[in-house]
*Asks:* 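Pasting a structure below so you can have a look.
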Number of protein chains: 2
Amino acid sequence: MNYVSLLKQHNLKATPQRLEILSIMHQSGHIDIDGLFSKIIQSFPSISLATLYKNLHIMLNSNIILELKLPNTKPKYELIQAPHAHLLCQKCGSCIDLSLDTDTLIKEVSQKSGYKLHESTLIFSGLCPQCQNH
Amino acid sequence: MNYVSLLKQHNLKATPQRLEILSIMHQSGHIDIDGLFSKIIQSFPSISLATLYKNLHIMLNSNIILELKLPNTKPKYELIQAPHAHLLCQKCGSCIDLSLDTDTLIKEVSQKSGYKLHESTLIFSGLCPQCQNH
DNA sequence: TAAGTAAAAATAATTATTATCTAAGCTGAG
DNA sequence: CTCAGCTTAGATAATAATTATTTTTACTTA
């Protein structure tokens, strides 16, 4: 992935800090502000939470990343990719992606409701395979 | 609805403040902390946000109400009823319930993923019928 | 190179939430 | 009935989370 061009496509400067944010998100899948901060501070010891929040907001507004509000936790951030659902394990706290045909679901719900829908947030909670064996 | 017995079933005292919280939620469907505060202060002028938060947490833990974390807004609270989806209008900000067969969806996703799921949060965003005509 | 712009850094301010402490109100045992 | 014990509201303080402001740095381009 070339994050430099991704940022430039959205008229944002490809600063080292932003590139690192995106790279961390790519590795982590989903990450909250604290996780992000503790990772990025390793490469940029002088960065502040304010800078982090600022950049997250900028990239949120540009639809480069999205904010995922989950039950019982702080919001997590992830790179925007194909629409998908999220699975949460209530025991170990993990969060994974699940590709799902959200389009047909959205269409169904649109018809049923009269709304003109184009986005969905689908979160399922329960036990992951590992945690079921305990 | 008899909120007194609802609270007692969960070993919570049916204080006037709690009853009013539940009654407001029943009227509003979904409401955030500020909306709740501005309504309840009419009947209980001395109530504080701390008391409100405290009671919300108590009732959340007892599964009398649930917290709904929505994109771009503060969490909203609602009475627990049958599982359903939520529709958000991105223009007027309204939020409505839509009854949906979440069970089969959960089963599908469980099979597909290997997770043992029992809860879902389904949020759809777009334009409500009114806002489509503008 | 100098000017203009955008972002980072540093910090302050604000907002949101939680914790602590006291006093009031209910309940059950005597 | 009344007192002891428990739960909660109220009042306030403390903490945590987020946003705003100002200064400094770096990059771009004329």
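Chain identifiers are assigned alphabetically (A, B, ...) following the order of the sequence lines, protein sequences preceding nucleic acid strands; residue numbering begins at 1 within each chain. Remember, it's a predicted structure, so these values are computed and weren't measured experimentally.
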*Asks:* Who pairs with A/Q42 by side chain to side chain donor-acceptor pair (under 3.5 Å), at least two apart in sequence or on another chain?
*Replies:* none
*Asks:* Between atom CZ in A/F37 and atom C1' in D/dA16, what is the gap in whole Å?
*Replies:*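 Going from A/F37 (CZ) to D/dA16 (C1'), I get 14 Å.
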*Asks:* Testing the 3.5 Å rule here: is there a donor-acceptor pair between the side chains of B/E108 and B/T104?
*Replies:*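 Absent: no donor and acceptor within the cut-off.
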*Asks:* How many Å lie between CG on A/L52 and C1' on C/dA7, as a whole number?
*Replies:* 14 Å
*Asks:* Output one letter per nucleotide in nucleotides 9-14 of chain D: B when a protein non-hydrogen atom lies under 4.0 Å from the base, S when only the sugar-phosphate is that close, - when neither is.
*Replies:* BBSB--
*Asks:* Using atom NZ of A/K74 as one end and atom P of C/dA16 as the other, report the distance to the nearest whole Å.
*Replies:*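 Answer to the nearest Å: 15 Å.
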*Asks:* Could you list the residues that satisfy side-chain contact (heavy atoms from CB on, under 4.5 Å) with A/L66, not counting sequence neighbours?
*Replies:* A/L68, A/E78, A/I80
*Asks:* Rounded to whole angstrom units, what separation is found between the CG atom of B/N72 and the P atom of D/dT19?
*Replies:*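 From B/N72 CG to D/dT19 P: 11 Å.
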*Asks:* Output one line per pair: protein atom, nucleotide atom from nucleotides 25-29 of chain C, and distance, for all N/O pairs under 3.5 Å.
*Replies:*
none

*Asks:* Can you name the closest pair of heavy atoms from B/L117 and B/S113 and give their distance?
*Replies:*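 So the two residues come closest at CD1-OG, 4.3 Å.
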*Asks:* If only atom types and distance count, is the side chain of A/H30 paired as donor or acceptor with the main-chain N or O of A/K76 below 3.5 Å?
*Replies:*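 No; zero donor-acceptor contacts below 3.5 Å.
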*Asks:* In whole angstrom, what separates A/L49's CG from D/dA16's P?
*Replies:*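 Value for this atom pair: 13 Å.
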*Asks:* Rounded to the Å, how far apart are B/H57 NE2 and C/dT20 P?
*Replies:*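 Going from NE2 in B/H57 over to P in C/dT20 covers 15 Å.
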*Asks:* For A/N11 and D/dT28, what is the distance between atoms CG and P respectively, to the nearest whole Å?
*Replies:*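 So the two atoms are 14 Å apart, to the nearest Å.
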*Asks:* Restricting to pairs with a member in residues 63-74 of chain A, which pass side-chain hydrogen bond (donor to acceptor under 3.5 Å, both in side chains), not counting sequence neighbours?
*Replies:* A/D34-A/K74, A/E67-A/Y77
*Asks:* Verify whether one side chain among B/Q9 and B/S5 offers a donor that lies under 3.5 Å from an acceptor in the other.
*Replies:* no
*Asks:* Donor-acceptor pair, distance only, cut-off 3.5 Å: does the side chain of A/S28 make one with the backbone of A/I24?
*Replies:* yes
*Asks:* Between A/L12 and B/I33, who's closer to the 5' end of DNA chain C by nearest nucleotide?
*Replies:*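 First, find each residue's nearest nucleotide; the 5'-ward one identifies A/L12.
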*Asks:* Take the protein atom NZ of B/K69 and the nucleotide atom C1' of D/dA17, then report the distance between them rounded to whole Å.
*Replies:* 13 Å
*Asks:* Of all residues at least two apart in sequence or in a different chain, which pass the side chain to side chain donor-acceptor pair (under 3.5 Å) check with A/S99?
*Replies:*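 Partners of A/S99 under the side chain to side chain donor-acceptor pair (under 3.5 Å) test: none.
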